[in-house]
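Notes to accompany the following structure.
By convention in this document, chain letters (A, B, ...) are assigned in the order of the sequence lines, proteins followed by strands, and residues within each chain are numbered from 1.
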Amino acid sequence: MAEIMEIEVLRYRPEEDNEPWTQRYQVPFTHEMSILEALTYIKDHLDSTLSYRWSCRMAICGSCGMMVNGKPKLGCKTFLRDYVSAGKIKLEPLANFPIERDLVVDMSDFMQKLEKIKPYIIPKEEKDLCDGEYIQTPKQLAQYKQFSQCINCGLCYAACPQYALKPEFLGPAALALLYRYNEDSRDGAKAERMKLVNQESGVWSCTFVGFCSEVCPKGVDPAAAIQLYKAESAKDYVIAMFKPED
Amino acid sequence: MDISQSKRKPYVRQVKKSWWLRNSFYTGYMLREGTCLFVGAYTVILLCGLLRLSQGPEAFAGWLHALHSPLAILFHLVALVACLFHAKTWFSLAPKAVRLFKGAELMPEKPIIMAQYIGLAAVSVIVLLIAILA
Ligand code: SF4
Ligand code: FES
């Protein structure tokens with residue numbers, strides 16, 4: 001007989017519940033079982049009404065984000081075996097987002113923020129196809145590569161108390177993505193994106209808690225991007241003081 | 001009637017005032033921010049000393065004397081611990097605010113953190129030397 005692990009799940013079914021409640025499931029424990037697999041076990045064998053999100057099962061699509069014992073994690077990258085000593089596993093939908101149903105949250109605010117920063121290369125001047133490709137050296141790539149690894153899982157938003165307290169804050173992933181495009185040698189829209197950075201809802205809403213970088217499953221380090229741009233934004237401010245209005 | 005009517009009713013969780021007790025990372029952050037009160041208070045005390053100094057030797061002696069009270073000594077001890085904690089946490093965060101490259105390689109965090117401790121030690125020694133020699 002396999003060992004049994006108790007998993008607590010925060011349930012919320014909008015058509016019948018007014019607020020979330022906790023349900024417990026007994027899941028057979030195997031060493032290589034991920035949280036996501038445990039949820040699949042529950043859905044297949046114990047309770048087919050449970051809702052949660054997933055797609056790739058290999059930490060690349062960013063769909064399976066949830067709170068595991070109060071910390072934002074990817075369900076497919078987190079294993080039951082690491083919670084044996086904790087004695088319990090409590091799963092909740094990602095913090096700081098509205099709960100849509102069970103472990104599914106509404107991420108539209110996050111998506112709008114990602115869109116807002118124009119996450120694509122806007123070249124300084126359009127090149128004709130005949131002029132060939134935009135060339136980049138390994139050194140130029142290194143400037144932004146780390147920040148291009150984001151999978152848009154939203155864990156950093158669930159980790160950010162500032163986002164919870166001030167929802168208009170652009171937030172860690174969007175600012176890291178903004179940095180990624182600004183620092184790309186092929187891009188020419190830095191001045192335009194800096195307007196978002198300089199706003200109150202830009203980098204200045206960050207009080208440098210730093211938990212975003214801690215929980216990021218891809219080592220993106222959004223806190224670093226934000227601190228670097230605080231310096232840049234301050235520089236912008238000083239330069240603007242001496243520049244005549246245009 | 002539209003039978004495909006939405007059943008959506010997104011549930012928004014409230015942020016509790018005690019959010020920073022939720023995990024040790026948040027609590028550590030609050031502690032780090034909290035220690036700045038001591039840094040601030042100590043600065044005010046030093047500024048008072050400067051003001052008293054400008055008012056003459058007697059005023060300054062009075063200020064020095066006030067610092068000898070047990071309460072003042074206790075405050076300085078607590079403030080010292082708070083300042084050291086403040087410095088330590090900020091030193092360890094500093095690599096996030098600099099991005100130094102060696103060629104195409106990002107500099108590791110450790111040397112950046114160490115450089116700050118060396119800087120702190122150097123400044124302390126210089127200040128101490130000036131205090132002894134002057
Ligand atoms: S920065 Fe990291 S935690 Fe945030 S959305 Fe991207 S991959 Fe997820
Ligand atoms: S299922 Fe794709 S990241 Fe976990």
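Residue A/Ala223 touches chain B through both its backbone and its side chain, counting heavy-atom pairs closer than 4.5 Å. At a 4.5 Å heavy-atom cutoff, the contact between A/Glu214 and chain B is made by side-chain atoms alone. Proximity to chain A (any heavy atom under 4.5 Å) is restricted, for B/Leu106, to the side chain, taken from C-beta onward. In this structure, chain A has heavy atoms under 4.5 Å from both the backbone and the side chain of B/Tyr11. With a threshold of 4.5 angstrom between heavy atoms, A/Ser213 approaches chain B through side-chain atoms but not through N, CA, C or O. Both the backbone and the side chain of B/Arg99 come within less than 4.5 Å of a heavy atom in chain A.
Checking A/Thr207 against B/Tyr29 by side-chain atom types alone, a donor-acceptor pair falls below 3.5 Å. Between the side chains of A/Lys43 and A/Ser48, no donor-acceptor pair of N or O atoms lies under 3.5 Å. Of the N and O atoms on the side chains of A/Asp184 and A/Gln136, at least one donor lies less than 3.5 Å from an acceptor on the other residue.
For residues 11-23 of chain A, heavy-atom neighbours of chain B at less than 4.5 Å comprise A/Tyr12, A/Pro14, A/Glu15, A/Asp17, A/Asn18, A/Glu19, A/Pro20, sorted by residue number. Residues of residues 100-116 of chain A lying under 4.5 angstrom from chain B, judged on non-hydrogen atoms, are A/Glu100, A/Val105, A/Asp106 in numerical order. Of all residues in residues 83-95 of chain A, those placing a non-hydrogen atom less than 4.5 angstrom from a non-hydrogen atom of chain B are A/Pro93, A/Leu94, A/Ala95. Using a 4.5 Å cut-off between non-hydrogen atoms, the part of residues 150-161 of chain A that approaches chain B consists of A/Ala158, A/Ala159, A/Cys160, A/Pro161.
Ring geometry for B/Tyr26 against A/Phe211 counts as perpendicular: the plane angle is over 60°, on a 0 to 90° scale with 30° as the lower cut.
Remark: B/Ile112 CD1 to B/Ser92 OG distance equals 12.0 Å, nearest 0.5 Å.
Atom NZ of A/Lys71 has 12 or fewer neighbouring heavy atoms from other residues, nucleotides or ligands inside a 6.0 Å radius.
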